[in-house]
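In this text, all values refer to a predicted model and were calculated from it rather than measured experimentally.
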Amino acid sequence: MIEEIRLRDLGVIAQATLPMGPGFTAITGETGAGKTMVVTGLGLLLGQRADSGAVRSGAAQASVEGTWIVPQDGTVAERVREAGGDLEPIGEGDAELYLGRTLSSEGRSRATVGGRTAPAGVLADLADQLVVVHGQSDQLRLRSAVAQREALDRFGGAPVAAALADYRAAYDTWRALDAELTTLTGDRDARAREAEELRLLLADIERVDPQPGEDEDLTRRAERLAHAEDLRVAAATAHAALSTDDDAPDVVALAAEARRALERAADRDESLAALAEQAADIGYRAVDLAQSLSGYLADLDETGPQELALVEERRAELATLSRVHGSVDAAIELLRTGSARLAELDDDGDRVERLAQERDAAASVLDAAADTLTAARTDAAERLGAAVTAELRALALPDARLAVQVAPGSPSAAGRDDVTILLAPHPGAEPRPVAKGASGGELSRVMLALEVVIAATDPVPTFVFDEVDAGIGGAAAIEVGRRLARLAESSQVVVVTHLAQVAAFAGNHLTVVKANDGSVTASSVRRLEGADREAEMARLLSGMADSEAALTHARELLSLGGAGLIG
């Protein structure tokens, strides 16, 4: 439940703190005093879209903070912890949850959950678990077929929820298969062209048979072959310097002579022995190098213009592949992946047949799931109609009869049913859709009756009603107040109202009063009791807080409501 809401610079409200608590809280005040800003602020805390126009004139930003009492464990606590927020344990099993939202005059907003900054979407995730808000716009929404179907599904509870989940799973499966089959058959010509083009490309790549890194190797070979004579001269000159067949001294012979000279003198100075070993190593290395150069020259002798022509021809083939595919590596990759794609395209005929069979099987499953959902909704509709009819008798519509009709409709992800709420306001009247035949007062009572009935199967911690009593008065308003009080026995109920008959049943009565300058300050939201509450009730009844007649009537209403203020 909501423990407290704090508003700052929101609309006409400069600063206000609203203590809530359990049970039934009524919020009253003069027109324009900012009562609706309470609902606006609550909407911000529940992740609704931020409107910079709600920031108080002259202020840089507006802020809303709320304190909820929630279970320490459960879906709310789990979502808060996922967002990085904290809960403050209080008592056994409960905790305080702090939510906040700031809105700048430039339109930027920031949300906090459990003391940590979080996306506004986290507030929206928590909203369904914390509060149901009803305003006059929700009465209008009740005229929509979607809202009526959602109300029936909420009342239907687990049986409808399970049937709807099975239907949606079957619907998603069927739709995916149908979309794939439609794409496959619709693009058959394009896929045939793709297959033919891919077949030609793969054949060309397979003919060339490129290898990874081959183009770079060929570039190096071409460079070597193009300068074969220069390379031969360089290698031959180096080989001659190392080892010659004539009498001219070479490196090998000179190294051997140096080694022998050092060895002859090594017995007089042993350090020369190490130098002799180095000279010997030079000789060995020179021999190895000379042999390597001989092999290199032999390889060069085997090459010729014909080999260079073959290399250039191969490079031209790879260059053509590169122009078509971007690179040789891209061509190799297409050869690796394209075969599977070609097999897929060539299999279109068989795939169409298989998909058609799978789609038909999925359609049968979907039909069965739709029938199960319709049956669950039809059963729930009968029970909902009877329960709401009973509630309407307690809301000053003693002869009204409500029925919920489930009829075949267009297939969608929500089923194949059109749900229509019908109301016969008096005996002999034909039930007519509430979207067409219900007055504003009747619609507000139908909505309240629906919430009371649905709360028994789909309980919500807190209900907030923003002037849903518009269009009613007198005895009907008293019955609405009485029914709200009964709803408050199982849920927290917060009502923004202008009717004394409704406020009389509240256990917690708050009033919002404008200051002389038109603003609402911290001292302008007060919890009423005793004579102050009687005066506010008299003002609601007659517009005059000090009218003796109105005060007498106010005391009678408070006695009827039996309301006692919260702690």
Presence of salt bridge, [Y] and [X], under 4.0 angstrom:
X    : Y    : value
D418 : R377 : no
D379 : R383 : yes
E4   : R6   : yes
R175 : D178 : no

How close do [X] and [Y] get, counting heavy atoms only, and between which atoms?
X    : Y    : value
V453 : A387 : CG1-CB, 3.6 Å
L499 : A477 : CD1-CB, 3.7 Å
L423 : A400 : CD1-CB, 4.2 Å
L484 : L448 : CD2-CD1, 3.6 Å
A356 : L181 : CA-CD2, 3.9 Å
A449 : V388 : CB-CG1, 3.8 Å

Compute whether any side-chain donor of one residue and acceptor of the other, for Q148 and T420, lie under 3.5 angstrom apart.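 Per modelled atom types, Q148 and T420 side chains form no pair under 3.5 Å.
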
Would you check if there is a donor-acceptor pair between the side chains of Q492 and T462 at a distance under 3.5 Å? yes

So, [X] side chain and [Y] main chain: donor-acceptor pair closer than 3.5 Å or not?
X    : Y    : value
D399 : P427 : no
D546 : A538 : no
S559 : R555 : no
R101 : Q48  : yes
S144 : A147 : yes
S491 : A488 : no

Do [X] and [Y] make a side-chain contact, defined as non-hydrogen atoms from C-beta onward lying under 4.5 Å apart?
X    : Y    : value
L164 : R168 : yes
V502 : V495 : yes
L99  : W68  : yes
T102 : S109 : no
Q61  : D9   : no
V493 : T25  : no
M537 : H553 : no
L45  : L123 : no

Run the side-chain contact (heavy atoms from CB on, under 4.5 Å) test on S547 and S542 for me, step by step, so that the C-alpha distance in whole Å, both residues' side-chain angles and the decisive distance to 0.1 Å come before the verdict. CA-CA 8 Å; S547 167; S542 68; 4.1 Å; yes

Which residue pairs pass the salt bridge (charged side-chain N to carboxylate O under 4.0 Å, His left out) test with at least one member in residues 107-121, sequence neighbours excluded?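 Listed by first then second residue: E106-R108.
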
Find the distance between [atom1] ([X]) and [atom2] ([Y]) and round it off to the nearest 0.5 Å.
X    : Y    : atom1 : atom2 : answer
Y171 : R416 : OH    : CZ    : 9.5 Å
R56  : L7   : CZ    : CG    : 12.5 Å
I27  : I5   : CD1   : CD1   : 7.0 Å
D86  : L97  : CG    : CG    : 10.5 Å
M447 : I454 : CE    : CD1   : 11.0 Å
Q15  : R8   : CD    : CZ    : 4.0 Å

Set out, in order, the CA-CA distance, both residues' side-chain angles and the distance that settles side-chain contact (heavy atoms from CB on, under 4.5 Å) for L557 and Q501, then state yes or no. CA-CA 7 Å; L557 285 175; Q501 294 92 330; 4.2 Å; yes

Residue of the set E391, E451, R445 for which side-chain contact (heavy atoms from CB on, under 4.5 Å) holds with R483: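 For R483, the side-chain contact (heavy atoms from CB on, under 4.5 Å) check succeeds only for E391.
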
With D417 as reference, evaluate T378, D153, V406 under the side-chain contact (heavy atoms from CB on, under 4.5 Å) test and give the passing residue. V406

Please work out which of the three classes, parallel, tilted or perpendicular, describes the rings of F463 and F465, given edges at 30° and 60°. parallel

Give the intermediate values and the outcome of side chain to side chain donor-acceptor pair (under 3.5 Å) for residues H498 and T28. CA-CA 6 Å; H498 63 280; T28 63; over 6 Å; no

Tell me, with the steps shown, if L10 and V55 meet side-chain contact (heavy atoms from CB on, under 4.5 Å). CA-CA 5 Å; L10 186 68; V55 179; over 6 Å; no

Evaluate whether atom CZ of R401 has more than 12 neighbouring non-hydrogen atoms of other residues, nucleotides or ligands under 6.0 angstrom away. no

Above 12 or not: heavy atoms from other molecules or residues under 6.0 Å from CZ of R539? yes

Yes or no on side-chain contact (heavy atoms from CB on, under 4.5 Å) for L422 and V404, after CA distance, side-chain angles and deciding distance? CA-CA 6 Å; L422 307 170; V404 182; over 6 Å; no

Would you be so kind as to tabulate the donor-acceptor pairs closer than 3.5 Å made by side chains of residues 77-85, with sequence neighbours excluded?
from, atom 1, to, atom 2, distance (Å)
R79, NE, D125, OD2, 3.1
R79, NH2, D125, OD2, 3.0
R81, NH1, Q72, O, 3.1
R81, NH2, Q72, O, 3.0

Show your reasoning for whether salt bridge (Lys or Arg N to Asp or Glu O under 4.0 Å) applies to R527 and D532. CA-CA 9 Å; R527 176 180 287 168; D532 289 337; over 6 Å; no

Evaluation steps, salt bridge (Lys or Arg N to Asp or Glu O under 4.0 Å), between E479 and R482: CA-CA 5 Å; E479 295 305 328; R482 181 177 284 121; 2.8 Å; yes

